[in-house]
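Structure, as C-alpha cells:
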Amino acid sequence: MSLTPVLDKIDSDISAATDRLLELLRIPSISTDPAYKADCDAAADWLVKDLNSIGIKAEKRETPGHPMVVGHVGEENTDGPHLLFYGHYDVQPVDPLNLWNTPPFEPKLEETANGTVIRGRGASDDKGQLMTFVEACRAWQAVHGTLPCRITFFFEGEEESGSPSLIPFLNAAKEELSADIALICDTSMVARGVPSVASQLRGMMKDEFTLIGPKIDLHSGHYGGPGLNPLREMSHIIASFHDTESGAVAVEGFYEGVHEVPADILRQWEGCGFDEKDYLSNAGYTEAHGEKKYSVLEQQWARPTLEINGLWGGYQGAGTKTVIPSEAHCKITCRLVGDMDPAALRKKIRKHVEDRLPTDCTVKWDLDLDGAPAYVIDTTRPEFEAARGALTEEWNREAVFSGMGGSIPVAGYFKSILGMDAMLIGFANEDDAIHSPNEKYDLESFHKGIRSWARVLDALSKA
C-alpha cells in the first residue's frame, strides 16, 4: 500500500479534520468533577461513533467511573504487527475561569506569533493528540479501504483524575488488549519542530503528613516562648530536605537506584535543540534551581526530585489571629528515576521526618497514597528506530529519543499487566499551557502529527 496518496488525503482533509476536533473539544469532559459525568459519557459516545464511521468496530465499556472506549480493526491482517493505541478523552478542570481569554469549551482557531493554534481545554491534553492518530487511520481507510496493520484502540476517561478504573479494566481485558507494542500520544516535542520519542518516564511517590503540637490552638501571648509551634518545626523539617549548596536532596538513601545517563544519550540530548534559557524564562526563572552539577535537561528527565506541593497551618483568614496553631500540614511528591522503589523511598522520607521531631511534637501520615516506579523504555527494539526514521522524514529534522519529566503510569501498566512495551510519541509544545488557562495546540502539530502517524504506521507495518 502506497503512503503518498495517504499523505495527500491528509493534506486535502485537514480543514474537515480540524472541524471534527473542534466538535470533540466542545464537550466538557472533566473527569474529576461528578457534575460532568454526563459529558464524559458524551465524549465516549462521540468517539465510538467517529471510530465506527471509519470502519473500526468500537464500543463504550462501562466502569465504576467513566467509560472506556475500545475498538478493533484489521484482525484479518496476521502478517504485520498488532498495535494498541492509547489516548484519553477526559480533561482537566478549567479553574481559574477568569484567566481564560476565550471560553474554554468554545474552541477556536487563533493566530499567534508562532502560527495558527487551536485554543480550548483539551486541545493539547489529550484530545488533539488522540485525534492525530484517528485522523491518520481515517486517511488510510479512505485511500486503501484498510489499515496497514492490525490496531486496537483504547481510550480512557479518567486519566486526569487518577485512573481509578484503569488497573481493574486492564486485568479484566488483558487478552483483548494485549498487542505487540503500545502507542501513546500524550507527550511533547523536546523543542519546537523537533520530533521526539520518549525513552524514559519519571515515576511518582506521594505523601502527606501533619505535625501535631499542643492539644488545641493556643493564645500566643500565654504560650509564646515556652510553647512548641508546629509551623516553626515544620519549617525546620522542610529546610532539611535539601542541601542548599548542591541542590541535592539530603534524605539518607534517597539516590539509591539512580543511574547516570549513558554518554551517547547525553550527546543526543545536547544536540536536540532544547533552549535552556527559553525553557526557564517561559516560567519566569532566570536560572535553574535543581542539582547544580546537572544540566537542565538532566534535572528534568533523569534526576529524582522531592517537591513541597502544599504547606499550611494556623489562621488563614483576613487580618491576624494571635495563636500558636495545634497542627501544621505538608504535601510532598517525589519524581523517581531508574530503579528507585517508591515504597522504600516513602520509608526513608518518613524516617527523615520522624528523626527530627522535637519533644512534644508528633507526626501523622496519610495512609492512602500511591506510587509508581520510573519507566525506562527498550528503544533497541527495531520498531523504535523505524518510528524515529518516519518522524525524521516528516519533520525534516532528526527525531530524538528524549526523556520526560512527567509520569504516565499507563505505560508502566501496559508493561506489568499486558506484558508489552510502549512507544510514546507526541506533538505538543512546552507553551501549550496544558492544565492551565488558555490551553492550545498548534495547528502545525495537529496537521504534521496526523502525517507523522501515517508514516509511523507505514514504517511499523514493515519493521
To the closest 0.5 Å, what do you measure between CH2 (Trp100) and OG1 (Thr102)?
7.0 Å
Note, Met340 side chain near Phe254 side chain (heavy atom, < 4.5 Å)
yes
Donor-acceptor pair, distance only, cut-off 3.5 Å: does the side chain of Arg121 make one with the backbone of Glu439?
no
ring-ring contact (aromatic ring centres under 6.0 Å, His included) involving His289 - partner list, sequence neighbours excluded:
Tyr285
Check whether any side-chain N or O of Lys127 sits under 3.5 Å from a backbone N or O of Leu24 as a donor-acceptor pair, and report yes or no.
yes
Flag the pair Tyr413 / Tyr86 as yes when their ring centroid distance falls below 6.0 Å, and as no otherwise.
no
Side chain to side chain donor-acceptor pair (under 3.5 Å) involving Glu260 - partner list, sequence neighbours excluded
Tyr294
Donor-acceptor pairs are to be reported for all side-chain atoms of residues 420-430 against protein atoms at under 3.5 Å, with residues two or more places apart or in another chain.
from	atom 1	to	atom 2	distance (Å)
Asp421	OD1	Lys415	NZ	3.0
Asp421	OD2	Arg381	NH1	3.1
Asn429	ND2	Asp442	OD2	3.1

Side-chain heavy-atom pair Leu170, Leu177 within 4.5 angstrom cut-off:
yes
Indicate yes or no for a side-chain donor-acceptor contact from Lys60 to the backbone of Val48 under 3.5 Å, with no hydrogens or angles considered.
no
Treating Ser124 as the side-chain partner and Tyr441 as the backbone partner, does any N or O pair qualify as donor plus acceptor under 3.5 Å?
no
Verdict with supporting geometry, Ile181 and Leu84, side chain to side chain contact (heavy atoms under 4.5 Å, CB included)
CA-CA 6 Å; Ile181 196 167; Leu84 172 76; over 6 Å; no
Okay, side chain of Asp431, backbone of Asn282: is any donor-acceptor separation there less than 3.5 Å?
no
Applied to residues 266-280, the side chain to side chain donor-acceptor pair (under 3.5 Å) test, sequence neighbours excluded, yields none
Indicate yes or no: at least one non-hydrogen side-chain atom of Ile118 is less than 4.5 angstrom from one of Leu25.
yes
Keeping the roles fixed (side chain from Tyr375, backbone from Val410), state whether a donor-acceptor pair exists under 3.5 Å.
no
Mark yes when over 12 heavy atoms from residues, nucleotides or ligands other than Glu111 sit less than 6.0 Å from its CD; otherwise mark no.
yes
Check whether any side-chain N or O of Asn309 sits under 3.5 Å from a backbone N or O of Thr333 as a donor-acceptor pair, and report yes or no.
yes
Side chains of Leu306 and His242, heavy atoms from C-beta outward: is any pair under 4.5 Å?
yes
Sequence neighbours excluded, the answer for side chain to side chain donor-acceptor pair (under 3.5 Å) partners of Asp264 is none
Does Phe154 form a ring pair (Phe, Tyr, Trp, His ring centres under 6.0 Å) with Phe169? I'd like the steps, not just the answer.
CA-CA 11 Å; Phe154 177 39; Phe169 189 85; 5.7 Å; yes
Tested for side chain to side chain donor-acceptor pair (under 3.5 Å) against His88, the lone hit among His66, Glu156, Glu159 is Glu159
Check against side chain to side chain contact (heavy atoms under 4.5 Å, CB included), Cys137 and Val73
CA-CA 10 Å; Cys137 293; Val73 69; over 6 Å; no
Ser178 side chain to Glu175 main-chain N or O, any donor-acceptor pair under 3.5 Å?
no
After noting the C-alpha distance and the side-chain angles of Leu183 and Cys185, does the key distance pass the side chain to side chain contact (heavy atoms under 4.5 Å, CB included) rule?
CA-CA 7 Å; Leu183 307 176; Cys185 192; over 6 Å; no
If we ignore hydrogens and angles and just use 3.5 Å, is the side chain of Arg202 paired with the main-chain N or O of Gln300 as donor and acceptor?
yes
For residues 68-89, pull every pair meeting salt bridge (Lys or Arg N to Asp or Glu O under 4.0 Å), keeping only residues two or more places apart or in separate chains.
Lys57-Glu75
Find out whether the Lys NZ or Arg CZ of Arg350 is both under 6.0 angstrom from the six-membered ring centre of Phe209 and within 45° of the ring's axis.
no
So does Lys331 pair up with Asp366, basic N to acidic O under 4.0 Å?
no
So, using side chain to side chain contact (heavy atoms under 4.5 Å, CB included) as the criterion, who are the partners of Glu59 when residues are at least two apart?
Arg61
Under the side chain to side chain donor-acceptor pair (under 3.5 Å) test, which residues partner Asn396, sequence neighbours left out?
none
Partners passing side chain to side chain donor-acceptor pair (under 3.5 Å) against Lys348 (at least two apart in sequence or in another chain)
Glu256
Point-to-point distance, once rounded to the nearest 0.5 Å, from OG1 of Thr305 to CD of Gln299:
10.5 Å
Hey, what do you get for CG (Asp90) to CD (Glu158), rounding to the nearest 0.5 Å?
7.5 Å
Polar side-chain atom of Arg346 near backbone of Lys206 as donor-acceptor pair, under 3.5 Å:
yes
Tell me every residue that passes ring-ring contact (aromatic ring centres under 6.0 Å, His included) with Phe133, counting only those two or more places apart in sequence or in another chain.
Phe85, Phe153, Trp453
Qualifying residues under ring-ring contact (aromatic ring centres under 6.0 Å, His included), relative to Phe241, sequence neighbours excluded
His352
Can you establish whether the number of heavy atoms outside Lys9 located under 6.0 Å from its atom NZ is more than 12?
no
Can you tell me if Lys440 and Thr112 form a side-chain donor-acceptor pair at under 3.5 Å?
no
Can you tell me which residue pairs pass the salt bridge (Lys or Arg N to Asp or Glu O under 4.0 Å) test with a partner in residues 285-299, sequence neighbours excluded?
Glu291-Arg303
Would you please test Ile151 and Leu457 for side chain to side chain contact (heavy atoms under 4.5 Å, CB included) and show each step?
CA-CA 10 Å; Ile151 301 175; Leu457 287 176; 4.0 Å; yes
Distance from His144 atom NE2 to Leu3 atom CG, nearest 0.5 Å?
7.5 Å
State the CG-NE2 distance between Asp180 and His82, to the nearest 0.5 angstrom.
7.5 Å
Walk me through whether Glu135 and Arg138 qualify under salt bridge (charged side-chain N to carboxylate O under 4.0 Å, His left out).
CA-CA 5 Å; Glu135 294 296 343; Arg138 191 189 314 276; 2.8 Å; yes
Do Ser452 and Trp395 pair up side chain to side chain, a donor and an acceptor below 3.5 Å, judged on atom types alone?
yes
If you measure from OG1 on Thr379 to CD on Glu385, what distance do you get to the nearest 0.5 Å?
8.5 Å
